[in-house]
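Protein chains get the first letters and strands the later ones, always in sequence-line order, with residue 1 at the start of each.
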Amino acid sequence: MDAHIQIKNLNAYYDDIQALKDVNIELPRKQITVIMGPSGCGKTTLLKTFNRFLELTDKTSITGEVLIDGQNIYERDIDVTEVRKRVGLLAQRPFPLPMSIYENVAYGMHIHRMKNNRNEYRKAVRHYLEVAGLYDEVKTRLTNPATSLSIGQQQRLCLARGLAVEPEIILGDEPTSALDPVSSQHIEGRLLGLKEQYTIVIVTHTLRQAKRLADYVIYMYMGEVVESGPAKEVFNNPKQERTRAYLEGQF
Amino acid sequence: MDRQAIPVLTESQKMEGRKFRPSLTSRRKQDQTAGRVLFAVTLLPIALVTLITIGLAARFWPILKVYSFWDLVSGTVWKPQDGLFGFWPFISGTFWVTIVGAGLAIPPCILTALYLSEYARQSTRAIMKPLLDLLAAIPSVVYGVWGVIAIVPLVEKNIAPFFEKYLGFVPIFVSKNPTGYSILSGGIVLAVMIAPFIIAVTYEVLMTVSEGLRQASLAVGATQWQTIRSIILKQTMPGIIAAVVLGATRALGETMAVLMVVGNVPQVPRSIFDTAYPLPALIANNYGEMMSIPLYDAALLGAAFILLVIILIFNIASTLVLQRMLGKRWV
């Protein structure tokens, strides 16, 4: 397997509560990996270690390594903003920045000074809005505040904003949990389309969504990775009893 | 059901065959009375403010029959013995001191609030916040003494000469006043006095920004400072302005500390090194003395009325903005 993200001996703590216990896994490049498990099992915590978001919470600590293309993102001299530029995040519910639709998409590009002139920015904004499947709906009102969009549209805007800084990896923390079924479907469709170019990691608590999206599955329980492997194998023939129980709906 | 249809019964008859007592037991009556009394007591301060305003306006009235309101407010000469009651030196003095004070307080206060809400750890915050709030508990006369002992000499010996030397060509920095008793001294003392208040309210305003919004910015690789500059300040600007204005209303009315360091000469100030005579100082220094001069009483209470109205307007406006921003948190 061509691993994009490798996790070695990872432990994470909130104060003195251990949230992740000795996690050792590899996530495949340009596929959708779905992390599933009952709530409170450490899914989101694991996801937050990939873009160094865990350290935003007070009193958290980590031991072990998270390697992206072989480089440990927790090494001392690593620039955390560079990590977050390369590892984008689609949050549980959309948080449009307090600015226009256009500026939301351009925000990250401006911060990293990724383009040389206005025209290039304009082209890029259009491109990423198209990739997120939002452009046709907003092309006549790019200067309107982003908050004027519907929740589903806002989430696609957040996707465009994340893609605009050209990440390699996209994280999704239950990215459809706040959306209506049609908007959810929209986002899922986009994610399936994006996996040709990006490594995608999704946390979900709905088994059906996991089955629709996953190429690779990680099943967690009580802070431990119980089982991980290609989706077909895990869903059809789980090796662990606890995975089987979860898949059969015993949680 | 019709109330009158309930027959009058004795206590034992009322209970007959019923599981629950009828509603108007003495306990319930007590409860109702307590509610009404508490409500009345709560109304008292509101009634007081209204009555004070009306009372001041009534006592202001006699002088308004002699001079127009505009003449009083724009008049620059204050010589009660000669019947000259110009409020402008006091009104402008009030605003000079307040603006200098607020101006000095704003940058460090906002930076402090930003540090507390964005950078400080929970444990740092737990220590720093109460310490800052403590500053608000120091009596204003103590600040006044501090101003006289520390700030006035500093302005006289260091700050004023420095400005005179390097920035003397700027009109508001010209120093003709040989003492340190000046608008700047008053402003510095005020700045320190209103700082804890502005910090506390600004901090509350900053805390209304959801964690998700901060993370949305950090997630595309923005630094914390970039997030503050382009997201947090943008989102909270109306609230921060309101916090500063609310702090400024405290400065407008502050009497003791300012009176002790500002010089109290009734002239229209031209420079931050000039003396000034703010409205509260005028009232505190003079009310009760020389009251035999005709219209003196009306003039001083008129000054109080004007001060009260200015403060009420600023206060209500900023409170409305803050209430909208902070919602339920603002209690």
Engineer: Could you pull out all residues at least two apart from Thr204(A) that satisfy side chain to side chain donor-acceptor pair (under 3.5 Å)?
Structural biologist: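 Only Thr206(A), Gln209(A) meet the side chain to side chain donor-acceptor pair (under 3.5 Å) criterion with Thr204(A).
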Engineer: Please give me the minimum heavy-atom distance between Ile111(A) and Ala222(B), naming the atom from each residue.
Structural biologist: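 Scanning both residues, the minimum pair turns out to be CD1-CB, 3.3 Å.
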Engineer: Suppose we count any N or O donor within 3.5 Å of an acceptor, strictly below that value; which pairs fall between chain A and chain B?
Structural biologist:
{"unit_1": "Asp58(A)", "atom_1": "OD2", "unit_2": "Gln122(B)", "atom_2": "N", "d": "2.7"}
{"unit_1": "Tyr107(A)", "atom_1": "OH", "unit_2": "Ser217(B)", "atom_2": "OG", "d": "2.6"}
{"unit_1": "Tyr107(A)", "atom_1": "OH", "unit_2": "Ser230(B)", "atom_2": "OG", "d": "3.4"}
{"unit_1": "His112(A)", "atom_1": "NE2", "unit_2": "Val220(B)", "atom_2": "O", "d": "2.7"}

Engineer: Taking side chain as everything from C-beta outward and backbone as N, CA, C, O, which of these in Met109(A) sits under 4.5 Å from a heavy atom of chain B? Side chain, backbone, both or neither.
Structural biologist: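 Looking at Met109(A), nothing touches chain B.
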Engineer: Does atom CD of Glu196(A) have more than 12 heavy-atom neighbours from other groups under 6.0 Å away?
Structural biologist: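 Counting other residues, nucleotides and ligands, CD of Glu196(A) stays at 12 neighbours or fewer.
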Engineer: Top residue by heavy-atom pair count (under 4.5 Å) with chain B, among Ala91(A), Pro98(A), Pro96(A)?
Structural biologist: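 Winner by heavy-atom pair count: Pro98(A).
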Engineer: For Val87(A), is it the side chain, the backbone, both, or neither that has a heavy atom closer than 4.5 Å to a heavy atom of chain B?
Structural biologist: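 Backbone only.
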Engineer: Between chain B and each of Leu97(A), Leu89(A), Leu90(A), count heavy-atom pairs under 4.5 Å; write down the option with the most.
Structural biologist: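 Most heavy-atom pairs within the cutoff with chain B belong to Leu97(A).
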Engineer: Looking at Phe173(B), I'd like to know if its CZ atom is crowded, meaning that more than 12 non-hydrogen atoms belonging to other residues, nucleotides or ligands lie closer than 6.0 Å.
Structural biologist: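 Atom CZ in Phe173(B) is packed in, count exceeds 12.
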